[in-house]
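Working notes, structure below.
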Amino acid sequence: AHGLLGTHSHDGTTHATYNANEGFNLNYAELVLSSSVDPFFSMQGVFHLSEHGFEIEETYFTSTALENGLRFKGGKFNSNFGYLNQQHHHAWDFADMPLAYESFLGMHGINEIGVQLQWTAPTPFYLMAGVEVLQGENEQMFGNDTIGDFENAPIAKYASAPSLYVGYIKSSFDIGDTTILGGLSYARGASRIDHSSDEENPHAFSGDSSLYGADLLVKHYFDSYSSLKVQSEYLYRDMKGTQFTIDPTDATVALGSTPMSKKQGGVYAQLIYTYDRNWGTGVRYDAITKNKITKNAPAAFAPSNMNKYSAMIEYHTSEFARFRLQYNRNNALYNEDNKQQYIDTIILQANISIGAHAAHSF
């Protein structure tokens with residue numbers, strides 16, 4: 001995985017991961033604009049401002065006049081793949097992404113330009129199915145740009161865009177004071193992963209990839225403010241293609257290539273207890289459960305004992321301000337000598353908002 005700590009470059013832009021530095025971090029300031037356009041459409045924009053620049057996180061229109069349970073969206077948005085992917089950073093129960101999400105999809109998840117069509121069935125319980133056609137520019141798994149010199153014998157030719165297709169089905173029902181929400185998701189797209197600019201071991205990958213997801217959330221309400229929530233997701237990815245070794249002195253030249261496949265899976269499970277309107281606490285376990293890398297070359301380093309433990313406690317002064325203390329024990333990172341690193345992290349996070357704020361999705 002690239003960019004789990006510190007900064008990394010993607011599409012000519014330098015990105016800092018959340019909580020990248022020891023000491024103080026300003027992850028981002030977020031500006032949200034939303035309005036009804038007319039009787040047929042609404043519009044929303046979410047913009048991130050950081051020390052590293054300005055970024056359009058989301059900007060999309062949504063239909064409001066379609067009938068028969070249909071809803072159409074177009075623009076740049078977080079995909080509804082899985083459960084966590086559609087949420088913004090400030091809505092997470094922990095200060096960082098689970099291992100599987102960050103390793104397979106990078107710090108932005110599936111955040112793409114494209115269109116989405118969803119249908120909510122006329123059933124007594126919630127049942128929704130959706131499809132998305134997306135440009136396909138994820139930094140860690142999907143991509144369609146040419147690798148190498150576009151005009152003169154490129155290392156890997158571009159894939160026709162749009163190149164990423166997503167489908168999912170989600171359902172929810174209540175049993176007394178308990179709500180159960182579950183879903184299945186699938187994504188398929190071209191992969192053009194370019195790490196030719198890496199200082200050590202420059203390489204690139206060209207092929208096709210599939211991502212499977214299953215998510216489950218169970219939330220029990222003791223009263224209006226007190227609840228217990230269990231949330232879990234499993235991700236599995238299957239990448240097949242060609243791995244290229246890039247000349248360190250010339251990023252347009254491949255020194256060699258070999259067929260490669262990656263079959264990798266990961267899971268996280270978290271338990272969140274909200275005591276009252278002010279206090280909450282939680283624990284999370286996440287792990288890479290499968291890590292099989294096959295290529296016609298010396299065996300790739302593929303450890304199997306990668307996991308992470310997290311615990312947090314948070315205090316809400318109101319619905320607009322939250323302060324969280326979190327501890328991580330990360331056993332999933334390895335150094336250049338393939339030795340496992342054990343990293344302990346303490347994070348004190350402040351999350352403060354002003355102005356009108358739409359309700360988060362369940």
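Atom set for the values below is all heavy atoms of this structure, side chains included, hydrogens, waters and symmetry mates excluded. This is a predicted model, so every value here is computed, not measured.
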Next item on the list: Test Asp286 against Lys308 for salt bridge (charged side-chain N to carboxylate O under 4.0 Å, His left out), laying out the working first.
Entry: CA-CA 5 Å; Asp286 46 302; Lys308 181 179 174 184; 5.0 Å; no

Checklist line | Test log, rule side-chain contact (heavy atoms from CB on, under 4.5 Å), inputs Phe72 and Thr62 | finding: CA-CA 6 Å; Phe72 182 80; Thr62 305; over 6 Å; no

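- A 6.0 Å sphere centred on OH of Tyr273 holds more than 12 heavy atoms belonging to other residues, nucleotides or ligands.
- A side-chain hydrogen bond (donor to acceptor under 3.5 Å, both in side chains) with Asn80 is found for exactly one of Lys73, Lys170, Gln86, namely Gln86.
- Here the side chain of Gln341 pairs a donor or acceptor atom with the backbone of Lys339 at under 3.5 angstrom.
- A donor-acceptor contact closer than 3.5 angstrom links the side chains of Thr179 and Asp174.
- The closest side-chain heavy-atom distance from Ile180 to Ile175 is below 4.5 Å.
- Thr258 and Gln243 form no side-chain donor-acceptor contact under 3.5 Å, judged by distance and modelled atom types alone.
- Side-chain contact check for Met239 versus Met260: every heavy-atom pair is 4.5 Å or farther apart.
- Cation-pi geometry between Arg188 and Tyr165 is not met: the NZ or CZ atom fails to fall both under 6.0 Å from the ring centre and inside 45° of the normal.
- Within the 4.5 Å cutoff, no side-chain heavy atoms of Leu325 are placed close to those of Ile347.
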Next item on the list: Let me see the working for Tyr186 and Ser210 under side-chain hydrogen bond (donor to acceptor under 3.5 Å, both in side chains), right down to the final yes or no.
Entry: CA-CA 7 Å; Tyr186 174 72; Ser210 295; 3.2 Å; yes

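- With 3.5 Å as the limit, one finds a donor-acceptor pair spanning the side chains of Ser209 and Ser191.
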Margin query: Walk me through whether Lys292 and Lys262 qualify under side-chain contact (heavy atoms from CB on, under 4.5 Å).
Written below: CA-CA 6 Å; Lys292 183 179 180 180; Lys262 294 183 178 183; over 6 Å; no

Check: Would Gln116 and Tyr60 count as a side-chain hydrogen bond (donor to acceptor under 3.5 Å, both in side chains) if you check the C-alpha gap in whole Å, the side-chain angles of each, and the deciding distance to 0.1 Å?
Finding: CA-CA 10 Å; Gln116 175 193 86; Tyr60 58 85; over 6 Å; no

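- Between the side chains of Asn328 and Asp344, not a single donor N or O lies within less than 3.5 Å of an accepting N or O.
- Remark: the backbone N or O of Ala95 is paired with a side-chain donor or acceptor of Gln326 at under 3.5 angstrom.
- Under the ring pair (Phe, Tyr, Trp, His ring centres under 6.0 Å) rule, Tyr309 has a single partner from Tyr285, Tyr327, Tyr268, which is Tyr285.
- Checked by atom type and distance alone, the side chain of Thr274 never pairs as donor or acceptor with a backbone atom of Asp276 at under 3.5 Å.
- Defined by atom type and a distance below 3.5 Å, a donor-acceptor pair is present between the side-chain atoms of Glu233 and Tyr101.
- Within the cation-pi definition used here (under 6.0 Å to the ring centroid, within 45° of the axis), Arg284 qualifies as a partner of Phe94.
- More than 12 heavy atoms of other residues, nucleotides or ligands lie within 6.0 Å of NZ in Lys76, so this atom counts as buried by the packing criterion.
- Ring-centre distance between His203 and Phe205: not below the 6.0 Å cut-off.
- Remark: the backbone N or O of Ile110 is paired with a side-chain donor or acceptor of Asn85 at under 3.5 angstrom.
- Within a 6.0 Å sphere centred on CG of Leu33, heavy atoms belonging to other residues, nucleotides or ligands number more than 12.
- Put simply, the side chain of Leu255 reaches to within 4.5 Å of the side chain of Pro248, judged on heavy atoms.
- Atom OH of Tyr315 sits in a crowded spot, with more than 12 heavy atoms from other residues, nucleotides or ligands closer than 6.0 Å.
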Notebook entry, point to check: Checking side-chain hydrogen bond (donor to acceptor under 3.5 Å, both in side chains) for the pair Asn138/Glu112: CA distance, chi angles, key distance, verdict?
Noted result: CA-CA 8 Å; Asn138 177 265; Glu112 296 273 353; 5.5 Å; no

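- Of all the heavy atoms in Glu139 and Leu105, the pair that sits closest is CG-O, 4.3 Å.
- Put simply, the side chain of Ser171 never gets that close to the backbone of Leu127: no donor and acceptor are under 3.5 Å apart.
- A single hydrophobic cluster is not seen to contain both Trp92 and Ile346; linkage of ILVMFWY side chains at heavy-atom distances under 4.5 Å, directly or through other members, places them apart.
- A heavy-atom distance below 4.5 Å is found between the side chains of Ser42 and Thr64.
- Taken to the nearest 0.5 Å, the CG atom of Asn27 stands 9.5 Å off from the CD atom of Glu51.
- Looking at His316 and Phe323, their side chains never come closer than 4.5 Å, going by heavy atoms from C-beta outward.
- No side-chain N or O of Asn19 forms a donor-acceptor pair with one of Asn25 less than 3.5 Å apart.
- Applying the 6.0 Å contact sphere to CZ of Arg329 captures more than 12 heavy atoms from other residues, nucleotides or ligands.
- Counting heavy atoms from C-beta on, the side chains of Ser50 and Leu26 never come closer than 4.5 Å.
- Of all non-hydrogen atoms in Phe81 and Ala187, the two that sit nearest each other are CE1-N, 3.9 Å.
- Under the 3.5 Å distance criterion, with hydrogens and angles disregarded, no donor-acceptor pair is assigned to the side chains of His89 and Glu30.
- In summary, the side chains of Tyr168 and Gln118 do present a donor paired with an acceptor at a separation below 3.5 Å, with no hydrogens or angles considered.
- Atoms CE and CD1, from Met128 and Ile169 in turn, are 9.0 Å apart once rounded to the nearest 0.5 Å.
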Item checked: Intermediate values then yes/no, side-chain hydrogen bond (donor to acceptor under 3.5 Å, both in side chains), Gln87 and Asn78 -> CA-CA 8 Å; Gln87 296 184 352; Asn78 290 333; over 6 Å; no

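- Lys229 is listed as a side-chain neighbour of Leu217, based on a closest heavy-atom distance under 4.5 Å.
- Atoms OG and NZ, from Ser206 and Lys157 in turn, are 11.5 Å apart once rounded to the nearest 0.5 Å.
- Between the Ser163 side chain and the Gln135 main chain, a donor and an acceptor come within less than 3.5 Å of each other.
- Asn291 contributes a side-chain N or O that, together with a main-chain N or O of Pro303, makes up a donor-acceptor pair within less than 3.5 Å.
- Defined by atom type and a distance below 3.5 Å, a donor-acceptor pair is present between the side-chain atoms of Asn331 and Asn307.
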Note to self: Set out, in order, the CA-CA distance, both residues' side-chain angles and the distance that settles side-chain contact (heavy atoms from CB on, under 4.5 Å) for Glu55 and Leu49, then state yes or no.
What the structure shows: CA-CA 6 Å; Glu55 184 176 45; Leu49 299 90; over 6 Å; no

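- Distance check: Asp194 CG to Phe244 CZ gives 11.0 Å after rounding to the nearest 0.5 Å.
- Using modelled atom types, one side-chain atom of Thr123 and one backbone atom of Phe125 make a donor-acceptor pair closer than 3.5 Å.
- Side chain of Trp119 to backbone of Asn68: a donor-acceptor contact under 3.5 angstrom is found.
- Of the possible donor and acceptor atoms, one in the side chain of Gln340 sits under 3.5 Å from a partner among the backbone N and O of Asn305.
- A pairwise comparison of heavy atoms in Thr146 and Pro154 identifies CG2-CB, 3.5 Å as the closest pair.
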Item checked: Audit row: Tyr334, Met306, side-chain contact (heavy atoms from CB on, under 4.5 Å) steps and yes/no -> CA-CA 9 Å; Tyr334 287 75; Met306 295 180 287; 4.0 Å; yes

